[in-house]
Amino acid sequence: MRLGLQLGYWGRGPDPRHLELAREAERLGYDSVWTAEAWGSDAFTALTWIAAHTSRIKLGTGIAQMAARTPTATAMHALTLDHLSGGRLLLGLGLSGPQVVEGWYGRPFPKSPLTATREYVDVIRQVLRREGPVASDGLFHPHPYRGADGTGLGKPLKPITHPLRAGLPLLLGAEGPKNIAQTTRIADGWLPLYWSPRRTDVYRASLADAPEGFLIAPMARAVVCDDVAEGLLPVKAMLGFYIGGMGHAARNFHADLMARMGFEDEARQVQRLFLEGRREEAVRAVPDAFADEISLVGPRERIAERLDLWRAGPVTDLLVTAQDPHTLRVLAELNS
């Protein structure tokens, strides 16, 4: 199991620790470093900055939002950064949810998310293969555009720049069972939002047809500390925000996922409290057991025992969210 460093997206501003953490991860032998985006900083710019200050570590977008860019624009970002980094990019993509797609990007959330994802990936693959002009009769991403409000002058094009790697690895963030199953057919890997090494049966059916070499790269917050309860607080805060705030009361993929993992009543309670504006109560309502299962928190010996559970399953890459070099170093030593 390889280790990656997940830096996430910026908060109020750029985190001055990120570049040094990325450099330290590279020095410790981490395989990859990842950035993300929500509705603030973007994933590609920060990753390009890191690329310029590192030499070996792979560079992942985890995740870049599909609604933020047309598939050809995403392919342009990917092939550009792949060239500049010497072939180190891992392209992680996700559809996001209706609240973000419609509220932030000002476009409709697709009525058929699986079809929209499949078309998006197909266009990117066409660009990277550069075997001919990009052409698609897709419902969501037609190329050329043939809508009634168009000019009718569009023509199929292929990229001017020759991509460095036609087979640049593409991973998808997927949560629903059908979406995960489709990911095993159209992508090179999967970026789970929550992964519990004690509940791998939740995903067994969806991953049944995953091909050899398929990447499974979940994210886990990690901190070496003496007080487990205190160390879990940031995990619970993250869960409270995602389960309560990243979606509508009637359609929240994160809450649905927590429910499928065996915490349905707790997920609905967290969601209700958050939507009522009782955010601190929502965080407290996140079960310690759930937060603990999807993270690596505690003294070195405790983390060592739990890391064995992660290695025993199908995970190929563990993307660690850590804020200090000491935790990165301990995990590298334990995983060697």
Side-chain angles (χ1 to χ4, degrees), residues 6 8 36 38 94 97 99 173-177 179-180 190-207 216-315 318-323 327 331:
Q6 171 59 273
Q99 186 182 48
E175 295 180 42
N179 201 351
I180 298 169
W190 172 44
L191 296 164
L193 179 62
Y194 310 137
W195 180 277
S196 168
R198 300 181 186 275
R199 300 173 190 268
T200 57
D201 58 306
V202 173
Y203 302 116
R204 185 171 292 120
S206 298
L207 294 172
I216 299 177
M219 178 181 68
R221 184 176 179 88
V223 58
V224 178
C225 61
D226 294 325
D227 190 329
V228 174
E230 183 178 349
L232 287 175
L233 285 177
V235 184
K236 295 179 65 169
M238 176 273 292
L239 287 168
F241 175 66
Y242 272 76
I243 293 163
M246 292 283 274
H248 188 269
R251 195 168 189 183
N252 185 312
F253 301 139
H254 310 301
D256 293 344
L257 174 57
M258 182 176 169
R260 287 197 301 275
M261 294 180 75
F263 295 89
E264 181 169 7
D265 292 343
E266 296 89 338
R268 303 310 171 198
Q269 182 184 17
V270 170
Q271 190 178 25
R272 177 179 58 79
L273 290 169
F274 196 96
L275 293 174
E276 290 175 357
R278 299 154 65 183
R279 297 192 176 191
E280 291 185 7
E281 291 180 63
V283 171
R284 289 196 299 270
V286 174
D288 284 0
F290 182 58
D292 197 22
E293 284 186 27
I294 66 170
S295 59
L296 289 161
V297 173
R300 179 188 178 108
E301 297 75 17
R302 187 176 194 267
I303 289 179
E305 293 175 359
R306 288 167 179 257
L307 198 59
D308 286 340
L309 291 175
W310 289 81
R311 280 195 295 258
V315 170
L318 176 59
L319 310 186
V320 176
T321 301
Q323 304 297 318
T327 294
L331 284 169

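Just so you know, residue 1 is the first one in the sequence shown, and it goes up from there.
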How many angstroms lie between atom [atom1] of [X] and atom [atom2] of [Y], to the nearest 0.5 angstrom?
{"X": "Ile216", "Y": "Tyr203", "atom1": "CD1", "atom2": "OH", "result": "10.5 Å"}
{"X": "Arg279", "Y": "Arg284", "atom1": "CZ", "atom2": "CZ", "result": "14.5 Å"}
{"X": "Leu331", "Y": "Arg300", "atom1": "CG", "atom2": "CZ", "result": "9.5 Å"}
{"X": "Thr321", "Y": "Gln6", "atom1": "OG1", "atom2": "CD", "result": "5.0 Å"}
{"X": "Tyr194", "Y": "Met238", "atom1": "OH", "atom2": "CE", "result": "6.0 Å"}
{"X": "Asn179", "Y": "Trp190", "atom1": "CG", "atom2": "CH2", "result": "10.0 Å"}

Measure across [X] and [Y] and return the closest heavy-atom pair with its distance rounded to 0.1 Å.
{"X": "Ile243", "Y": "Ala267", "result": "CG2-O, 3.7 Å"}
{"X": "Leu273", "Y": "Ala285", "result": "CD1-CB, 3.8 Å"}
{"X": "Leu232", "Y": "Ser295", "result": "CD2-OG, 3.6 Å"}

Salt-bridge test for Arg204 and Asp201: reply yes if a basic N is under 4.0 Å from a carboxylate O, no otherwise.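 Asp201 and Arg204: not salt-bridged.
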
Between the side chains of Asp292 and Arg198, is the shortest nitrogen-to-carboxylate-oxygen separation below 4.0 Å, so that they form an ion pair?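 Here Arg198 does not pair with Asp292 in a salt bridge, since their nearest N and O are not under 4.0 Å apart.
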
Could you tell me if the side chain of [Y] sits less than 4.5 Å from the side chain of [X], heavy atoms only?
{"X": "Pro287", "Y": "Met258", "value": "yes"}
{"X": "Val283", "Y": "Phe274", "value": "no"}
{"X": "Leu239", "Y": "Ile294", "value": "yes"}
{"X": "Arg260", "Y": "Pro177", "value": "yes"}

Report the C-alpha distance between Asp265 and Gln269 in whole Å, list the side-chain angles of each, state the deciding distance to 0.1 Å, and finish with yes or no for side-chain contact (heavy atoms from CB on, under 4.5 Å). CA-CA 6 Å; Asp265 292 343; Gln269 182 184 17; over 6 Å; no

Sequence neighbours excluded, which residues qualify as ring-ring contact (aromatic ring centres under 6.0 Å, His included) partners of Phe263?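 ring-ring contact (aromatic ring centres under 6.0 Å, His included) check on Phe263 returns Phe290.
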
Please say whether more than 12 non-hydrogen atoms of neighbouring residues, nucleotides or ligands are located less than 6.0 Å from CD in Glu280.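 No, not enclosed.
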
Any pair with a residue in residues 216-238 that passes salt bridge (Lys or Arg N to Asp or Glu O under 4.0 Å), sequence neighbours left out, goes on the list, sorted by first then second residue, please.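 Pairs touching residues 216-238 that pass the test: Lys236-Asp288.
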
Would you check, one step at a time, whether the test side-chain contact (heavy atoms from CB on, under 4.5 Å) holds for Leu296 with Trp310? CA-CA 10 Å; Leu296 289 161; Trp310 289 81; 3.7 Å; yes

